[in-house]
Each structure stands twice: as structure tokens, then as C-alpha cells.
A.B. asks: 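Can you keep this structure in mind? I'll have questions shortly.
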Amino acid sequence: MKQLSDNTKSFLQSEKRLFINNEWVVSGSGESFETVNPADGKRICNVAKAGKADVDAAVDAARKAFTAGVRSMSPGKRAALLHRLAELIRRDMGVLAEIECIDNGKPYKRALADMKSAVGHLQYYAGWADKIEGAQIPVQDPSVLVYTRREALGVVALIVPWNFPLVMAIWKLAPALACGNCCILKPAQQTPLSALYLAGLIREAGFPAGMVQVLPGDGETGALLSHHNDIDKVGFTGSTAVGKKILAASAASNLKKVSLELGGKSPNIIFGDADMQKVRESLVWACFFNSGQECTLGSRVYVEASRYDEVVDALSADTRGLKMGPGMSNPDLGPLISEQQLNRVQDYIRAGRTEADLVLGGRRQADELADGYFVEPTIFAAGNQQSSIVQEEIFGPVVTITPFSDEDELLSMANGTRYGLASAVWTKDISRAHRIAHELQAGVVWINGYDMFHPAVPFGGYKESGIGREMGRSALDLYTQEKAVWVKL
Ligand code: NAP
Ligand code: MG
């Protein structure tokens, strides 16, 4: 098993405070919480918890920084800061990946890939910083000049989940900072550590005090941010249930802008004419990547009836070959994030046993993995599309596989949940591929592939999978507001 580096060990031993105004500060209440290694259930360290006084102090620092300088910082300077931060993440990628690996549980090589993706994201938005343009709009009256400006919102709170802790933070910070906002990042309570390490890099990169704060905490901290009257926007990634609370908090406070990247229950559709070799290379990862803790997980597999048995057999064989273990042992799959998540996933598996046929898996891992939160990758053959394991996001390594006989039946099943985040279709018939792509109610459709991402391509949900699109040019709309200026000549 890979050992932690000295740099990681010394980071873990340091006191974990809040990051406000480029300073490490103790929490007003003195409260802290434990973060745990999900591979063995042991405490890693304690982290200061941000309460009301800390949220107020962070908002105050952000507001002052925005008014005093960030508002008028040149686009070139914003770009340079983002490039510098990208360089520092690249320099410390090994430490950050180790931190992510023990705090979240994911395999080390996957954590490294996360860091590379974070670097690419920052570089992409550094490129946008000096290209955020308004327009000159011709109107009927030639004696009137109208132009638009795209202005930063001001103070934005960024609330993120635990499944890709640093990547989710960067997906939000990069466009928000490129647009010239001041940010308050709240990592998930299960995974606060990479965000705190990032805070150190933000200071080292030379961001002015107050441009970024990091406030570890729990749902209460998130609620304080989403109800705050001096926060202009909340950018949120997480569950649909909490997303709805954030919208309600906006309505109950200052009508702050809200963008939401929420849950999913994505269909992965395999037609009989698909290249089965390529399907096979992708399918097991579409089903179980990140131990199923992925918003775009292809958790509902639909296979044309003529090839159904063959695909079930191939997926089962490939799933049996997956190795589970602590992230530092570089397995295929790490543990679930917490005991609570373990219980939740086991409850769904219990329900699944009464609703569908268990094909494979279903048990908690024993022996040397018994202290961690490991569940076997699990496959159910599910005919009943109204069952809980087909309708609800489980967020664990549990998938259903269902045959279909024609396109109408397929589309009614594929579109038959409240979610609409991602989807995929496998076929060699290009007309059918595009026809299905047009009919699917999802923010992304992959054809003959799965889980392809790029910072330039918009990402977000239909239906209850969210509001707004992150990534690409679209994210600039999430972190700016448009002003029309009329000039009577
Ligand atoms: P979650 O329970 O909704 O939590 C997400 C974040 O919201 C955490 O930081 C959480 O804090 C905070 N929070 C909890 N209650 C809050 C409240 N009342 N007000 C404000 N903030 C609050 O989600 P999760 O379990 O961490 O993550 C899994 C979910 O994220 C899944 O549904 C998944 O599909 C979704 N997700 C979506 C995307 C996407 O791009 N669409 C990407 C990744 C994940 P604490 O955890 O500290 O309590
Ligand atoms: Mg943890």
C-alpha cells in the first residue's frame, strides 16, 4: 500500500481553522467536527466548524474586498491569478491527491486524475477572464447608443458535495473568480481537507485578502449562507432535496441568484447493433465509477432484448473482476463515503431484493475491509420501472438492467424519472443515435461513449436535476449580470 508523503502528514497534523480574509482563524464558537477516513472508519483530524459569527465575518470580508478592489481588478490580473493557482495545484498534485484519497476514499490514481482536471478547468477559465464582453445594440433611434456590460455579481457562496471534493470546488471557483466575484466556499463536512489545502494555495498565488474564503461546516453552515441577506448568489452542487431548500432560502431572504447542479438517474441505452466490444470496455465504469457516487452514473442500463442476456453476462463477469480496497492501495473501487451512506445504500439493496432480481453483489465487504464502508458492486434485473431502485438516486454501486423491444417503450422508460442529468446511447445507426439524442430529456447525451467531460462543454440538468449550466461559456452567465446602458447622443 502506498504510504502518505511527509508533506501530507505535516498538513494533516496542522490545526484546521477557517480561512477568512487570507488568514487562518478559529471559529467563533470554538466548535469543530471530525473528518473520517471511510476506508477504516477512523478519525483523520478535527476541523473548525463555521457558525453564524464566522459566516458574517466571511461575508463582510468578501464584501469589503469586492468593493475596495476586486470589482475593478483588471481582467488580465484575474487571468494571471487563475493561471498561478493552476500551477500551484499542479506542483502539489501528489499531496492533494493523497489528501483526497484518505478523506474521500477514492483510489489514488483517480484522485490524481481529479487534480489534473482541476488544473485544466482553471486554465480554461483563466482564458475567459479577458473575454467577458457586452454588446452594442442597434435601436431605431440613431441618436441613441445602447450597450451592455457584463458585471460580476459581488459575493457568491459556493456549496459543494463530497464525491469529487476539489473538482466540484474548482468547477465553481474558476468561473466565479474569472468573472471577478468574491467567493465563500463551503466544502462538504465529510471532505473538508482538500478545500483547506487549496486555501493555502490561494493565498500563495497572491489572491487579495477577501477574494476567497473557505468555511468548513455542515448543513447548518450551508443554510446560514443560503439565507444570508448580503450574499448575491449561491452556486450549489448536491442533492435535489437540499437544492430545493436553497431555492426556498433565496425566496425567504434577498432573492439571491441560485444555480443548482443536482442528482441524476441516468439511462445508458444499448441497441442490439452496438459495437459490443466498445460497450464492454465502458459499461462496468459507467455503472460503478467512484463506487457509484457520481451524479452522472449510468445507473439504469437498458438493453435491446435480442442482446440482453449477453450484456448481463458480460457486465457480471467484468464486475466480478473489480478490486475493492482503501484508496491508497490503488484499487478499482474505494469505499462509500460514510456509515450513513453505507446504511442508505444497504436499505436500497434490501428494497431491491423485494422489487427485482438480484444478479450480482449486494453484500457489505467483510474481513480486512470490515471496518470501512465497502459494498459490493450490485446489479439488479429490474422489470418494474416504478420500483425505488429504478426511480431514486442511490448514489452507490447499485444499477438496474432492463430489456426493451422498441424505441417508444425505451423512451418512455428512459425519460420516466424526475431526473434528467445525463444519458448515453450505443448504436451503429447514426440516424437512430441522433433521433434518440433529440428525444432524451437530459442535459448531456453521450453517443457510443460515457462520462466524457471537457471544461468548454456546458453541463447541467433537465427536470429536477438542476437549474443552469456550468462549464463552457454558459458558466459566465451564472457569475455575471447584464446591465444595459442607454446614451442619448
Ligand atoms: P447534499 O447532502 O445535498 O450536500 C451538498 C452540500 O450541501 C454539502 O456541502 C452539504 O453540507 C450542504 N448542505 C446540506 N444541507 C444544507 C442546507 N440545508 N442548506 C445549504 N447547504 C446544505 O449532497 P451530498 O450528499 O454531499 O452529495 C451527493 C449529491 O450531489 C447527489 O445527489 C449527487 O447527484 C449530487 N451531485 C451532483 C452533481 C452535478 O453536477 N449535478 C455533481 C456531484 C454531485 P454537509 O455535507 O457538510 O452537511
Ligand atoms: Mg472524510
Side-chain angles (χ1 to χ4, degrees), residues 12 33-47 49-50 55 99-106 157-165 167-169 171-172 185-195 215-228 231 234-250 258-266 290 292-297 299 327 334-341 344 372-373 392-396 419-422 442-444 453 458-462 464-471 475:
L12 294 178
F33 63 95
E34 283 187 354
T35 189
V36 165
N37 180 346
D40 58 17
K42 291 201 180 103
R43 168 186 170 278
I44 304 170
C45 58
N46 271 54
V47 175
K49 180 188 154 178
V55 167
I99 292 169
E100 208 80 309
C101 183
I102 62 161
D103 205 13
N104 163 281
K106 63 177 62 197
L158 310 173
I159 303 177
V160 297
W162 43 258
N163 58 341
F164 295 89
V167 171
M168 291 295 111
W171 275 22
K172 298 194 179 337
L185 171 67
K186 194 206 89 66
Q189 63 180 302
Q190 297 88 346
T191 55
L193 297 179
S194 56
L215 294 188
D218 57 11
E220 219 177 287
T221 313
L224 285 165
L225 290 165
S226 49
H227 280 95
H228 204 289
I231 288 181
V234 173
F236 174 77
T237 297
S239 60
T240 294
V242 174
K244 289 183 181 185
K245 287 187 189 172
I246 286 172
L247 262 189
S250 161
V258 172
S259 53
L260 304 172
E261 293 281 357
L262 306 178
K265 191 74 187 175
S266 302
N290 215 38
Q293 303 169 119
E294 192 197 19
C295 54
T296 57
L297 195 77
S299 52
L336 297 176
I337 189 70
S338 63
E339 189 164 3
Q340 187 193 8
Q341 190 68 8
R344 187 183 133 86
Y373 312 127
E392 292 169 31
E393 184 183 47
I394 299 172
F395 226 57
Y419 294 110
L421 191 58
V444 55
F453 287 94
F459 176 76
Y462 275 40
E464 293 190 36
S465 287
I467 298 178
R469 293 290 175 272
E470 291 192 319
M471 309 225 245

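What you see below is based on every heavy atom in this structure, not just the backbone, and it leaves out hydrogens, waters and symmetry mates. Atoms within a ligand are numbered from 1 in the order they appear, just like the ligands themselves.
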A.B. asks: If you look at each N/O of ligand 1, which protein N/O atoms lie under 3.5 Å away, and at what distance?
C.D. replies:
unit_1   : atom_1 : unit_2 : atom_2 : d
ligand 1 : 3 (O)  : Ser239 : N      : 2.8
ligand 1 : 3 (O)  : Ser239 : OG     : 2.6
ligand 1 : 9 (O)  : Val160 : O      : 2.8
ligand 1 : 9 (O)  : Lys186 : NZ     : 3.2
ligand 1 : 11 (O) : Lys186 : NZ     : 3.1
ligand 1 : 19 (N) : Ala223 : N      : 3.4
ligand 1 : 23 (O) : Ser239 : N      : 3.4
ligand 1 : 25 (O) : Trp162 : NE1    : 3.1
ligand 1 : 26 (O) : Trp162 : NE1    : 3.0
ligand 1 : 30 (O) : Gly238 : O      : 3.3
ligand 1 : 32 (O) : Glu393 : OE1    : 2.6
ligand 1 : 34 (O) : Glu393 : OE1    : 3.3
ligand 1 : 34 (O) : Glu393 : OE2    : 2.6
ligand 1 : 41 (N) : Leu262 : N      : 3.3
ligand 1 : 41 (N) : Leu262 : O      : 2.8
ligand 1 : 46 (O) : Gln190 : OE1    : 3.4
ligand 1 : 47 (O) : Lys186 : NZ     : 2.9
ligand 1 : 47 (O) : Gln189 : N      : 2.7
ligand 1 : 47 (O) : Gly217 : O      : 3.1
ligand 1 : 48 (O) : Gln189 : NE2    : 3.0
ligand 1 : 48 (O) : Gly219 : N      : 2.9

A.B. asks: Are the side chain of Lys265 and the backbone of Glu392 linked by a donor-acceptor contact shorter than 3.5 Å?
C.D. replies: yes

A.B. asks: Which atoms form the tightest heavy-atom contact between Pro192 and Val47, and what is the distance?
C.D. replies: CG-CG2, 3.9 Å

A.B. asks: What are the two closest non-hydrogen atoms of Asn37 and Ala39, and how far apart are they?
C.D. replies: OD1-N, 2.9 Å

A.B. asks: Indicate yes or no for a side-chain donor-acceptor contact from Asn104 to the backbone of Trp162 under 3.5 Å, with no hydrogens or angles considered.
C.D. replies: yes

A.B. asks: Suppose the cut-off is 2.8 Å; which protein N/O/S atoms would you list for the Mg ion (ligand 2)?
C.D. replies: Thr35 OG1, Val36 O, Asp103 O, Asp103 OD1, Gln190 O

A.B. asks: Under the side chain to side chain donor-acceptor pair (under 3.5 Å) rule, collect the residues that match up with Lys49, sequence neighbours excluded.
C.D. replies: Asp218

A.B. asks: Could you check whether Asp103 and Thr35, counting side-chain N and O atoms only, form a donor-acceptor pair closer than 3.5 Å?
C.D. replies: yes

A.B. asks: Are any side-chain N or O atoms of Gln190 and backbone N or O atoms of Pro38, one a donor and one an acceptor, separated by less than 3.5 Å?
C.D. replies: no

A.B. asks: Report the residues that fulfil salt bridge (Lys or Arg N to Asp or Glu O under 4.0 Å) with Lys172, sequence neighbours left out, ordered by chain and then residue number.
C.D. replies: Glu470

A.B. asks: Between Trp171 and Phe164, does the ring centroid distance fall short of 6.0 Å?
C.D. replies: no

